[in-house]
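Side-chain atoms are counted along with the backbone in the values below, which use heavy atoms only and exclude waters and symmetry mates.
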Amino acid sequence: MSRGFIGVLSVIISFVFGMLVFGSEDFFSGQLDEDRVKEAFKEKKSKILKMLKKKNLNENNYHTLLVAIKESRDILLYVRHRDSTKYELLSKYKICKSSGIPGPKRRSGDKQVPEGFYYIKVFNPQSRFYLSLGINYPNKSDSIRGYAPDLGGDIYIHGGCYTLGCLPVTDDLIKEIYPICLLAAKNGQSKIPVYIFPFEMNKAKWKQFSSRYSADKKLIDFWKELKVGYDKFEQNYEEIDFEIDGLGKYIIENNCQ
């Protein structure tokens, strides 16, 4: 089978399963019919339920949110009761391999991991990398700010340990992350946020990175937008309410003290 055909097939599969997320009551049962999803639930469901119980949650009443930190190669997975607004940390996972450098993704083939505010748009149980969760890159900001005709796409949190801009976490860890997100979708969460930051944007790290990249004003200005969201999330652990203006800038009300 040719690589080109595999690529087209992957796009079709991702599109179909993405449509099921938002458009079909059969989404969850369809996912559970998939062998890899069955295996993930068999191996990890007991652990997941114990983790949720420690937060006074169960499989039927929570939503989730993911924060990825590129420099430290961490994915922090937060949960909240679906009737609440405040998240708390459930677990932390290691990204096993990274590509690119600090800074956003702006074109196809640059090997960059995106930076910005996204959400999961695809649950792919037939990924080349076991299981995968596709994010909505390029979003509106990326589309406006990108400087190439082809901005690329197919950015996933996935199994395995290979990347050209994705967030691989190994097969073992995606078997845990995928069901947690899948159950949140079953619980009515149509958009699971995924916030991707270049580094922990606290005072110490900000001083370090803003000094290192001080010559790149465009990058620093972009990071300042992300930092407003980072600070706000760290202050209240609620979803970041943002807009994207005509220049592609993230507009976030900064009411942090």
Side-chain angles (χ1 to χ4, degrees), residues 64-78 87-107 109-120 133 135-139 141-142 145-147 151-152 155-158 161-170 173-174 177 192-242 244 248-257:
T64 189
L65 177 152
L66 289 81
V67 174
I69 309 293
K70 288 168 55 173
E71 185 212 13
S72 60
R73 296 187 183 181
D74 289 320
I75 292 179
L76 293 84
L77 191 149
Y78 293 84
Y87 286 90
E88 55 183 321
L89 183 65
L90 182 71
S91 189
K92 180 189 288 189
Y93 303 94
K94 275 296 178 184
I95 300 164
C96 71
K97 189 174 183 180
S98 62
S99 65
I101 59 175
K105 183 175 183 62
R106 291 290 182 246
R107 61 179 177 83
D110 62 7
K111 300 182 182 180
Q112 287 291 97
V113 176
E115 294 173 8
F117 306 111
Y118 302 94
Y119 60 84
I120 292 172
L133 300 166
I135 69 168
N136 67 317
Y137 171 87
N139 64 13
S141 175
D142 300 315
R145 288 170 139 163
Y147 50 74
L151 300 180
I155 302 297
Y156 289 84
I157 300 167
H158 62 65
C161 197
Y162 172 83
T163 183
L164 289 174
C166 291
L167 299 166
V169 294
T170 73
L173 294 186
I174 198 65
I177 298 170
I192 297 173
V194 180
Y195 304 148
I196 306 177
F197 298 105
F199 50 89
E200 289 183 78
M201 305 189 92
N202 53 40
K203 289 182 179 179
K205 285 291 185 179
W206 177 257
K207 182 178 180 180
Q208 175 186 340
F209 276 83
S210 61
S211 175
R212 183 185 303 172
Y213 292 92
S214 59
D216 192 340
K217 184 179 184 303
K218 188 174 182 180
L219 178 59
I220 296 298
D221 287 345
F222 171 70
W223 281 350
K224 286 179 179 178
E225 297 168 30
L226 300 189
K227 190 176 188 312
V228 175
Y230 179 91
D231 289 343
K232 194 163 187 177
F233 182 74
E234 287 293 308
Q235 181 193 48
N236 57 31
Y237 293 102
E238 296 180 348
E239 290 182 24
I240 299 169
D241 186 13
F242 66 90
I244 298 171
K249 293 182 179 180
Y250 290 105
I251 307 300
I252 304 165
E253 182 183 352
N254 185 2
N255 58 2
C256 298
Q257 301 298 319

Participant: Would you mind reporting whether Val228 and Ile240 have side-chain heavy atoms less than 4.5 Å apart?
Facilitator: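 Side chain of Ile240 against side chain of Val228, heavy atoms only: no contact under 4.5 Å found.
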Participant: Quick one: are Asp241 and Ile252 in side-chain contact, heavy atoms under 4.5 Å?
Facilitator: no
Participant: Hey, are the side chains of Cys96 and Val169 touching, using non-hydrogen atoms and a 4.5 Å cut-off?
Facilitator: no
Participant: Looking only at atom types and distance, does a side-chain atom of Asp74 sit under 3.5 Å from a main-chain N or O of Leu76, one as donor and one as acceptor?
Facilitator: no
Participant: Is any NZ, NE, NH1 or NH2 atom of the basic residue among Asp110 and Arg106 found under 4.0 Å from an Asp or Glu carboxylate oxygen of the other?
Facilitator: no
Participant: Ring-plane angle category for Phe222 and Tyr250, please: parallel below 30°, perpendicular beyond 60°, tilted otherwise.
Facilitator: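 Phe222 vs Tyr250 ring planes: tilted.
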Participant: Lys249 side chain to Glu225 main-chain N or O, any donor-acceptor pair under 3.5 Å?
Facilitator: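 The answer is no, because no donor-acceptor pair under 3.5 Å joins these two groups.
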Participant: With salt bridge (charged side-chain N to carboxylate O under 4.0 Å, His left out) as the test, pick out the partner of Glu115 among Lys227, Arg145, Lys105, Lys70.
Facilitator: Lys70
Participant: Going by heavy atoms in the side chains, are Val67 and Ile75 under 4.5 Å from each other?
Facilitator: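 Counting from C-beta outward, Val67 and Ile75 never come under 4.5 Å.
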Participant: Could you grab the distance from atom CD1 of Ile177 to atom CG of Leu66, nearest 0.5 Å is fine?
Facilitator: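 One gets 6.5 Å once the value is rounded to the nearest 0.5 Å.
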Participant: Classify the angle between the aromatic ring planes of Tyr230 and Phe197 as parallel (below 30°), tilted (30 to 60°) or perpendicular (above 60°).
Facilitator: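 Judged by the thresholds at 30° and 60°, the geometry between Tyr230 and Phe197 is perpendicular.
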Participant: Do Ile220 and Phe209 come within less than 4.5 Å of each other through their side chains, counting heavy atoms only?
Facilitator: no
Participant: For a quick test of reading the model, state the closest non-hydrogen atom pair linking Gly152 to Pro138 and the distance between them.
Facilitator: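 Answer, listing the atom of Gly152 first, then Pro138: O-CD, 3.7 Å.
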Participant: Which atom pair, heavy atoms only, marks the closest approach of Tyr93 to Leu173?
Facilitator: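 That closest heavy-atom pairing would be CD2-CD2, 3.9 Å.
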Participant: Might you point out which heavy atoms bring Gly165 and Ser99 nearest each other, and give the distance in Å?
Facilitator: N-OG, 3.0 Å
Participant: Between Ser141 (side chain) and Ile244 (backbone), is there a donor-acceptor pair under 3.5 Å?
Facilitator: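 Side chain of Ser141 to backbone of Ile244: no pair is present.
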Participant: State, to 0.1 Å, how close Pro102 and Leu219 come at their nearest heavy-atom pair, and which atoms those are.
Facilitator: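 The answer is O-CD2, 4.5 Å.
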Participant: Say whether, by atom type as modelled, one donor and one acceptor occur between the side chain of Tyr137 and the main chain of Gly116 under 3.5 angstrom.
Facilitator: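 No: the side chain of Tyr137 does not pair with the backbone of Gly116.
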Participant: Do Glu239 and Phe233 have side chains that get closer than 4.5 Å, going by heavy atoms?
Facilitator: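 They are not in side-chain contact.
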Participant: I need the full list of side chain to side chain donor-acceptor pair (under 3.5 Å) pairs touching residues 198-214, with sequence neighbours left out, sorted by first then second residue.
Facilitator: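 Only Glu71-Lys205 qualify under side chain to side chain donor-acceptor pair (under 3.5 Å).
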Participant: Looking at Ser98, is its backbone amide N or carbonyl O close enough to the side chain of Thr163 to form a donor-acceptor pair, meaning the two atoms are under 3.5 Å apart?
Facilitator: no
Participant: Got a sec: does the NZ of Lys92 have more than 12 other heavy atoms crowding it under 6.0 Å?
Facilitator: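 Open: at most 12 neighbouring heavy atoms sit under 6.0 Å from NZ of Lys92.
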Participant: Work out which heavy atom in Cys166 is nearest to a heavy atom in Ile155; give both atom names and the distance.
Facilitator: SG-CA, 3.9 Å
Participant: Check whether any side-chain heavy atom of Ile95 lies under 4.5 Å from a side-chain heavy atom of Ile157, and answer yes or no.
Facilitator: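 Result no, sub-4.5 Å side-chain heavy-atom pair not found.
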Participant: Donor-acceptor pair, distance only, cut-off 3.5 Å: does the side chain of Gln112 make one with the backbone of Gly103?
Facilitator: yes
Participant: Would you call Trp223 and Met201 a side-chain contact if the rule is heavy atoms closer than 4.5 Å?
Facilitator: yes
Participant: Counting distance only, does the side-chain N/O of Ser91 pair as donor-acceptor with the main-chain N or O of Leu77 below 3.5 Å?
Facilitator: no
Participant: Apply side-chain hydrogen bond (donor to acceptor under 3.5 Å, both in side chains) to Tyr118 and Asp142, showing your working.
Facilitator: CA-CA 11 Å; Tyr118 302 94; Asp142 300 315; 2.9 Å; yes
Participant: Going from OH on Tyr87 to OG1 on Thr64, what distance comes out if it is rounded to the nearest 0.5 angstrom?
Facilitator: 7.0 Å
Participant: Can you tell me if Asn136 uses its side chain to pair, donor with acceptor, with the backbone of Tyr119 under 3.5 Å?
Facilitator: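 Checking the backbone N and O of Tyr119 against the side chain of Asn136, a donor-acceptor pair under 3.5 Å is found.
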